[in-house]
Amino acid sequence: SGADVHARLKRMQGFNVLHPMGFDAFGLNAENAAIERGIHPYTWTMDNMAKMRGQLRSIGPMYDWDREVVTCTPDYYRWNQWIFLQFYRKGLAYRGFAPVNWCPSCKTVLANEQVVDGLCERCDTPVIQRDMNQWFFRITEYADELLDQSKMDWPEKINTMQTNWIGRSEGVEIEFDISEYGLDQASVKTFTTRIDTIFGVTFVVLAPEHPLVDVLTTEEHRDEVAAYIEQARHQTDIERLSTEKEKTGITTGSFCINQVNGERVPILVADYVLATYGTGVVMGVPAHDQRDFEFAQKYGLPVKVVIAPPDGGDDTLSEAYTDEGVQVNSGKFDGLPSSEGMEKIANHVEEQGWGQRSVNYRLRDWLVSRQRYWGTPIPIIYCDDCGAVPVPEKDLPVVLPEDAEFLPTGDSPLALHQGFLNVPCPDCGKPSKRETDTMDTFVDSSWYFLRYTSPNYSEAAFDPEAAAKWVPVDQYTGGVEHAVMHLLYARFFVKALRDLGLLSFDEPFKRLFNQGTIISGHEKMSKSRGNVVAPDDFVKRVGADAMRCYLMFLGPWDQGGEWNDSGLNGMFRWTNRVWELAHRDPAALKGATIDEGSARDLTRLVHQTIRKVSDDLEKFKYNTAIAALMEYTNSMARTWKRADVSSETWEQATETLLLLMAPLAPHITEELWERAGHSDSIHNQTLPEWDPEIAAEDEITLVVQVNGRLRDRIQVPASIEEDAAKQAAIGSEKVMVHTEGKTTVKVIYVPGRLVNIVVR
RNA sequence: GGGGGAGUGUCGGAAUUGGCAGACGAGCAUGAUUUAGGAUCAUGUGCCGCAAGGCGUGCGGGUUCGAGUCCCGCCUUCCCCACCA
């Protein structure tokens, strides 16, 4: 509902607002429900959507339902397939081997959520990693551009998370010589960010999955290494859960030569080295890397100091020294500061042809294959002769068969569906098989905002003109949990579609606001999207507006909070008070004795409130906007009781109240607006503006301190000059009690705020 | 281990960014009204103290005329990433 307030605010500010709603409907939830309850995921999803629509409507958001998008309909997912084909053509979608969670007992792939403590959630069998052919999107191609956050205004926190996730690091790829073994490859390539420590290498470690492990392992170590790799394969998931796992490894029996100093060092295998990062090989420098240090300690490998701490340091290291220092034991680089050594050694390595500077990213390509039913079928056909053949665009969509069987056989339902599986090759006509994997649901959500701009467009995924008109999205809302998934993927999509010539902008969402989550017991209540906890009961009791306002009054919108229904009554009281206040007949004030001061006070407050509320709404500070409106109504009630303002003044105050409340409480304000005799909707009005002159106070409270301690408060004209203010402060009786018999050192004056008298 | 938040009455939370701590709401208390009320209205409500006054924003220091806000050192807690070479 917070996003709805924003949409309504923008509309009342005269903007043309597109505020759509849709359902991200594919995914594991529906599929699991289908298996557990024997309901088809389509039915389950549609039922849920109907419920959610009802709940959403009950709070009264201003959605344009004509643009509704439902991702599990062929009308939508055919365009997932279409985009997939565009990506494929551009080389942005490719097929490759990747490890998946595999349950050897169920003979099935498991999603990460289905792996509990390293065990299959269904049969408690230890899950292993297994390489399978899968589809990827080449998001790493955009790693550098994704690091550029200059074209968007997002919370710093999200930017930081994305930056860390992409994890760019600059370093040097350097080769270690293994030519003595006469293999195809004469060297092992490693990546390091600390080339300044190259002279301290005492061993080299390969990831267990590295292809060289097999060829470099000597006969006498073969069995041990094989056993080690086998257990590493089983451990991958379990070990991740242990925070401080002791490093393990095993030697291959082979050696390599550090070309920089000609030293021959052993080659080991250890699972603390990741096959997927850098080159999958690490040069071990125990003196200057904590992980290498621990590893060396455990296996009795030598520790060689090559960077001396500025203070000379100690001979015996108890931990790795990872800071900068002076090069020692580094040949001709001795004596250089390590920062300089870093450059000089890199140059040297490049000149000698032993390696070159390179950049590495933590970010991996996006694995989009899911061995599941409830998702978008990947539009590829495998032909024995032609290989992987894309489904021709005219044959899209590849429709998900409705009659797939949902038996817990351990196989993907699509792979068992003969009608779906068997097709002729689009190129040669020979009997072929369809890809049975479906796409990650994050594909659906990576471009839906483009579809909203032209939900019925049939030429492409979206109408480029409509997209150009509405996108980038001016204001996007979403939780932090999307930082490195959805939000990053959407950015990648827009850049990729731009490079395909389909878009002419670089970023999907100009401004991003993280809304918080309302927690009720243990369940989540989203503040803007579907609610898990049904608000219906509360809406019935206190009305949609009180419900909406309460959700926003609970705390800052980006913070979320714990739902507590006792506070809801307070909001109910307030909306009732407003209702009642707005129904007062201004005619009753016709014969009133007008008090000019009171009238001015009310008018001033009208303008101050407009200023405060407009400002807060703009900044999503809904809680304080509502607080200001409450103060305003309280003040109005007091004025009415005194009955000392004109009916015109009163009417203006009432009208302002309704207009300012309209984005927050759309229903009662609309009704009250109509009852006040207006024929047009309140939501078509423009937000009132404030006049700084009228909003200005003519009398202010000046705080008077003595040595920084509050001693008095005095009422003075707002226009008071510095000297007069100081005199008034010094003359205060309460102040004199504390200044009596002391010397005034100085007097500090903060205009409009305070006077602080410093005495000794 | 790394990164980022947060810590304020009984509770949710305010505080124009260095200037009246506790706005607004909840709860509670007292009173009014009512046959009745999860209704309405009024008043009060950080702590100690009869009072003058003192003490108060996780703890300890510091800067400043003045610190919830800035700096240093701790404690607690939440989130994200976690062997990234």
Side-chain angles (χ1 to χ4, degrees), chain A residues 155-161 163-165 167-169 171-172 190-194 197 204-205 207 239-247 270-274 276-285 288-292 294-295 360-364 479-481 483-484 541-542 549-550 553-556 558-559 561-574 576-577 580 611-612 615 621 623-634 637 641 701-713 737 745-760:
Chain A
E156 211 34 59
K157 179 186 177 137
I158 302 289
N159 286 347
T160 309
M161 281 169 75
T163 304
N164 292 343
W165 183 258
R168 183 181 202 273
S169 57
V172 174
T190 77
F191 173 76
T192 181
T193 53
R194 291 294 305 274
T197 66
V204 163
V205 197
E239 67 154 325
R240 280 214 171 143
L241 298 169
S242 69
T243 30
E244 275 185 17
K245 185 193 166 241
E246 199 169 299
K247 291 178 180 31
D271 63 3
Y272 80 90
V273 176
L274 308 175
T276 46
Y277 184 77
T279 61
V281 186
V282 168
M283 57 179 222
V285 186
H288 307 292
D289 181 285
Q290 188 57 27
R291 294 155 306 185
D292 295 345
E294 287 166 21
F295 190 70
N360 254 291
Y361 300 92
R362 229 189 63 114
L363 183 71
R364 312 288 153 77
V480 272
E481 68 273 18
V484 295
R541 206 174 79 208
V542 302
C549 289
Y550 183 58
F553 188 64
L554 267 175
D558 53 355
Q559 210 173 291
E562 176 83 23
W563 171 265
N564 170 354
D565 42 65
S566 79
L568 187 61
N569 291 330
M571 202 51 69
F572 184 47
R573 284 200 270 266
W574 180 57
N576 282 341
R577 223 158 44 230
E580 199 259 332
R611 180 174 62 195
K612 170 74 175 155
D615 202 47
K621 293 165 80 175
N623 54 337
T624 50
I626 291 171
L629 285 165
M630 284 173 165
E631 284 185 77
Y632 180 59
T633 37
N634 291 344
K641 197 177 248 178
T701 306
L702 211 52
V703 168
V704 186
Q705 300 177 332
V706 177
N707 290 346
R709 321 255 320 161
L710 176 74
R711 295 304 175 188
D712 198 9
R713 297 185 176 105
V737 173
V745 180
K746 60 174 160 177
V747 180
I748 286 153
Y749 174 62
V750 182
R753 294 217 187 281
L754 60 66
V755 176
N756 187 13
I757 302 160
V758 185
V759 296
R760 207 166 24 219

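Everything numeric here is computed off the predicted structure, so don't read it as measured data. Within every chain, numbering begins at 1; the chains are lettered A, B, ... in the order of the sequence lines, protein sequences first and strands thereafter.
For A/Lys621, no side-chain nitrogen or oxygen approaches OP1 or OP2 of B/rC24 to under 4.0 Å. In terms of phosphate contacts, A/Asn634 brings no side-chain nitrogen or oxygen within less than 4.0 Å of OP1 or OP2 of B/rC24. Within the 4.0 Å cut-off from OP1 or OP2 of B/rG13, not a single side-chain nitrogen or oxygen of A/Thr624 is found.
Regarding A/Tyr550, its OH atom lies at a distance of 9 Å from the C1' atom of B/rG25, rounded to whole Å. Between A/Lys641 atom NZ and B/rU40 atom P there is a gap of 15 Å when expressed in whole angstrom units. Between the CG atom of A/Leu274 and the C1' atom of B/rC81 there is a distance of 14 Å, given to the nearest Å. Going from atom CD1 of A/Ile626 over to atom P of B/rA23 covers 18 Å, rounded to whole Å. If you measure from atom NZ of A/Lys247 to atom C1' of B/rA82, you get 12 Å, rounded to the nearest angstrom. We find that CZ of A/Arg573 is positioned 15 Å from P of B/rC24, with the value rounded to whole Å. Rounded to an integer number of Å, the gap from CG of A/Asn164 to P of B/rC79 is 18 Å. Rounded to whole Å, atom C1' of B/rG4 lies 11 Å from atom CD1 of A/Ile158.
Syn is the glycosidic conformation of B/rG9, whose angle stays within 90° of 0. For B/rU17, the glycosidic angle deviates from 0 by 90° or less, giving a syn base.
The two residues A/Met283 and A/Arg194 have their closest heavy-atom pair at CE-O, 3.9 Å. Heavy atoms only, all atoms of each residue included: A/Asp292 and A/Tyr272 are closest at OD1-OH, 2.9 Å.
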Dot-bracket summary - RNA chain B, pairs being Watson-Crick or G-U whose distances fall under 3.5 Å, with | when paired to another strand:
(((((((..(((......[....)))((((((.......))))))(((....)))..(((((..]....))))))))))))....

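Residue A/Lys157 places its side chain closer to B/rG4 than to any other of B/rG38, B/rA14, B/rG4. You'll find that the side chain of A/Met630 is closest to B/rC24, out of B/rC24, B/rA14, B/rC20.
Backbone-only engagement by A/Asn623 is indicated by non-hydrogen atom pairs under 4.0 Å involving sugar-phosphate atoms exclusively. At the heavy-atom level, A/Thr279 lies nowhere under 4.0 Å from the strands shown. Across all strands shown, A/Gly167 has no heavy atoms under 4.0 Å from either base or sugar-phosphate atoms. As judged by a 4.0 angstrom heavy-atom cut-off over every strand, A/Val484 is placed among residues making no nucleic acid contact. Across all strands, A/Trp574 comes closer than 4.0 Å to no nucleic acid atom at all (heavy-atom distances).
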Nucleotides 6-12 of chain B: which of its N/O atoms have a protein N/O under 3.5 Å away?
from: B/rG12; atom 1: O2'; to: A/Leu554; atom 2: O; distance (Å): 2.5

Below 3.5 Å is the cut-off: list the nitrogen or oxygen pairs between protein and nucleotides 61-65 of chain B, distance only.
from: B/rC65; atom 1: O2'; to: A/Asn756; atom 2: ND2; distance (Å): 3.4
from: B/rC65; atom 1: O2; to: A/Asn756; atom 2: ND2; distance (Å): 2.3

Under-3.5 Å N/O pairs linking protein and nucleotides 45-48 of chain B:
none

Every protein N/O lying under 3.5 Å from an N/O of nucleotides 52-58 of chain B:
from: B/rC55; atom 1: OP2; to: A/Arg709; atom 2: NH2; distance (Å): 2.5

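Taking atom C1' in both B/rU16 and B/rU69, the straight-line distance is 13 Å, to the nearest Å. Between the P atoms of B/rG56 and B/rG9, the separation comes to 14 Å (whole Å). Nucleotides B/rC20 and B/rC28 are separated by 32 Å at their P atoms, to the nearest Å. Spacing between B/rC59 and B/rC50 at atom P, rounded to whole Å, works out to 26 Å. For the P atoms, the distance from B/rC55 to B/rG7 is 25 Å, rounded to whole Å. On the C1' atoms, B/rC11 is 13 Å away from B/rG22, given to the nearest whole Å. Spacing between B/rA23 and B/rU57 at atom C1', rounded to whole Å, works out to 15 Å.
Shown here are the side chain to side chain donor-acceptor pair (under 3.5 Å) partners of A/Trp165, two or more places apart in sequence or in another chain: there are none.
The base of B/rU16 has none of its N or O atoms less than 3.5 Å from a complementary donor or acceptor on the side chain of A/Arg611.
When atom types are taken as modelled, the side chain of A/Asn756 and the backbone of A/Gly708 share a donor-acceptor pair closer than 3.5 angstrom.
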